[in-house]
Protein chains: 2
Amino acid sequence: MSQTLSAMVGLRDLILSGELLPGERISENLVAQRLNASRTPVRAALMRLASEGLLDPIPSGGFTVRAFTERDVIDAGEVRGSLEGLAARLAAERGVSSDTLNRLRDAVQGIDGLFASEDPHFDVKSYIAFNRIFHDTIHAASDSAILRRQIDQLMSLPFASPSAFIEADDSRPILRTILIVAQEQHRAVLEAIEQRQSARAEAIMREHAQNSVRYLLKVKGQAQQLRLKPNGTVIHFRQRA
Amino acid sequence: MSQTLSAMVGLRDLILSGELLPGERISENLVAQRLNASRTPVRAALMRLASEGLLDPIPSGGFTVRAFTERDVIDAGEVRGSLEGLAARLAAERGVSSDTLNRLRDAVQGIDGLFASEDPHFDVKSYIAFNRIFHDTIHAASDSAILRRQIDQLMSLPFASPSAFIEADDSRPILRTILIVAQEQHRAVLEAIEQRQSARAEAIMREHAQNSVRYLLKVKGQAQQLRLKPNGTVIHFRQRA
DNA sequence: ATTGCACAGTCTGTATACAGGAGTGGAAAT
DNA sequence: ATTTCCACTCCTGTATACAGACTGTGCAAT
């Protein structure tokens, strides 16, 4: 792998694991030592993470880790709803290939399979995989490079992905209910796209995106930090300004 | 100014003026010579322009100038409609300061002033300025850092800004009609925000964004290139895939 | 004529050296 | 004690050297 790429994942880990705290200036030298790289690829990684929105540039030079507020999580949900809603609408308006329809049906059926038994310990990993396929397929089905870029940009934020809320907390009984509702929305979006009901596709997709945020915030509760992944990935929140 | 900044504007000029053609690989050395800089700041500029979407990374290394299709222009209009619509809705839902309202009213009144006389040779430059203030103020009024980032990202594309279509062709008689309609939409959006009619604000703003695209495409006609600025700025289109 | 291969030129990615500037801490003066 | 000024250190931005990879050309073989 290129030094720049590995510096990117290394830096992201340092940030998401909380070893680099929000607000403090990031020293290129320290990071370079820490990751066994020279400053050049580290600089490249810093610039890319800044363009992703994970870092804030300091006017006088350098970067700090960006702090996110609860408001940012809500807003990301709104934006995701708008963009994914647009993707679903465009897919419905422009029409999709039978290949695309099949991929969507497979994803929906895959999730149905997970919920076939009443067992509350369903396969969360598989749900995330199927869910990802469903959403990615719709993004692609919009057939819009511009839109896909915007969505990718947004999803690079650790709390903006369609599955972020699942990774945050997988206490099964509640989660199962939530996901069954979500799955019903998947089915409705698929049907709307099949029948070229673009407004319906957009509206449901928008609602679908915001549901996850609502759950994510419920999970978050009063905590100052949001633990996003089993391995300890953490997002630090600051109080609202 | 920093070398990186001036390399960015220099590179953007080289691209938009058509001296670097879409598809061809950009040589860091040539650009560095051309701009009297070393490769390091040129590389930084290349990376930033790539993150803006103006350049395409080549898998084997380096970048090419990105070619845009007519479809991209349409899609940018859809995305802009969604994002600015969301901004208007959030502004209406969350409420705006009287300071913000005043800025919006000033912008609208400013444009009214331009159309006060029947003279078809109204002040296009001023219109663009007022229009920009109006839109920027609404983006800020959404009070959402996440959304503003997304909008800024989109607007960095040369054909996605609210005034792109004006700069493309300012044949006055038609333009005047178009802009009077646009101004009526400004007024309606302002009123909707004042009265916290969020759905109305969103819908009108969305339509407003797409109107400009429609006009831009009409101007474009059959041409292979789209001249975006009086100084010769050009966007190259390729045939749809 | 076409295809495959080898070689050379060029380019990118990386490392490192250097200079200017920003931030910090301490000391001195009020 | 507080504030201001100065000096020092660290850091970023930039230039440049170097190595490996890739591309394109030309020649040879089929």
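Residue numbers start from 1 in every chain, and the chains themselves are labelled A, B, ... in the order their sequence lines are given, proteins ahead of strands. Scope of the values below: all heavy atoms of this structure, side chains included, with no hydrogens, waters or symmetry mates.
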Query raised in the report: Would you say A:Thr40 reaches C:dT14's phosphate, i.e. side-chain N/O to OP1/OP2 under 4.0 Å?
Result: no

Got a list of protein N/O to nucleotides 9-13 of chain C N/O distances below 3.5 Å?
| unit_1 | atom_1 | unit_2 | atom_2 | d |
| --- | --- | --- | --- | --- |
| C:dT12 | OP1 | B:Ile26 | O | 2.8 |
| C:dT12 | OP1 | B:Glu28 | N | 3.4 |
| C:dT12 | OP2 | B:Glu28 | N | 3.4 |
| C:dG13 | OP2 | B:Arg43 | NH1 | 2.7 |
| C:dG13 | OP2 | B:Arg43 | NH2 | 3.2 |
| C:dG13 | N7 | B:Arg39 | NH2 | 2.9 |
| C:dG13 | O6 | B:Arg39 | NH1 | 2.9 |

Query raised in the report: Under 6.0 Å from the CZ atom of B:Arg132, do we count more than 12 heavy atoms belonging to anything else shown?
Result: no

Query raised in the report: Taking 4.0 angstrom as the limit, do A:Arg94 and B:Glu78 come out as a salt bridge?
Result: no

Would you list the atom pairs, donor with acceptor, under 3.5 Å between side chains in residues 22-29 of chain B and any protein atom, with sequence neighbours excluded?
| unit_1 | atom_1 | unit_2 | atom_2 | d |
| --- | --- | --- | --- | --- |
| B:Glu24 | OE2 | B:Leu21 | N | 2.8 |
| B:Arg25 | NH2 | B:Gly61 | O | 2.7 |
| B:Ser27 | OG | B:Asn29 | N | 3.4 |
| B:Ser27 | OG | B:Leu30 | N | 3.2 |
| B:Glu28 | OE1 | B:Arg39 | NE | 3.0 |
| B:Glu28 | OE1 | B:Arg39 | NH2 | 2.9 |
| B:Glu28 | OE2 | B:Arg43 | NH1 | 2.7 |

Query raised in the report: Which pairs count as salt bridge (charged side-chain N to carboxylate O under 4.0 Å, His left out) when at least one residue sits in residues 140-165 of chain A, sequence neighbours excluded?
Result: A:Asp143-B:Arg71

Query - Length of the line joining A:Met8:CE and C:dT14:C1', which is rounded to integer Å - result: 17 Å

Report summary line: Atom CD of A:Glu24 and atom C1' of D:dC11 are separated, to the nearest Å, by 15 Å

Requested in this report: Taking atom types as modelled, find out whether A:Thr4 and A:Arg48 have a side-chain donor-acceptor pair closer than 3.5 angstrom.
Outcome: no

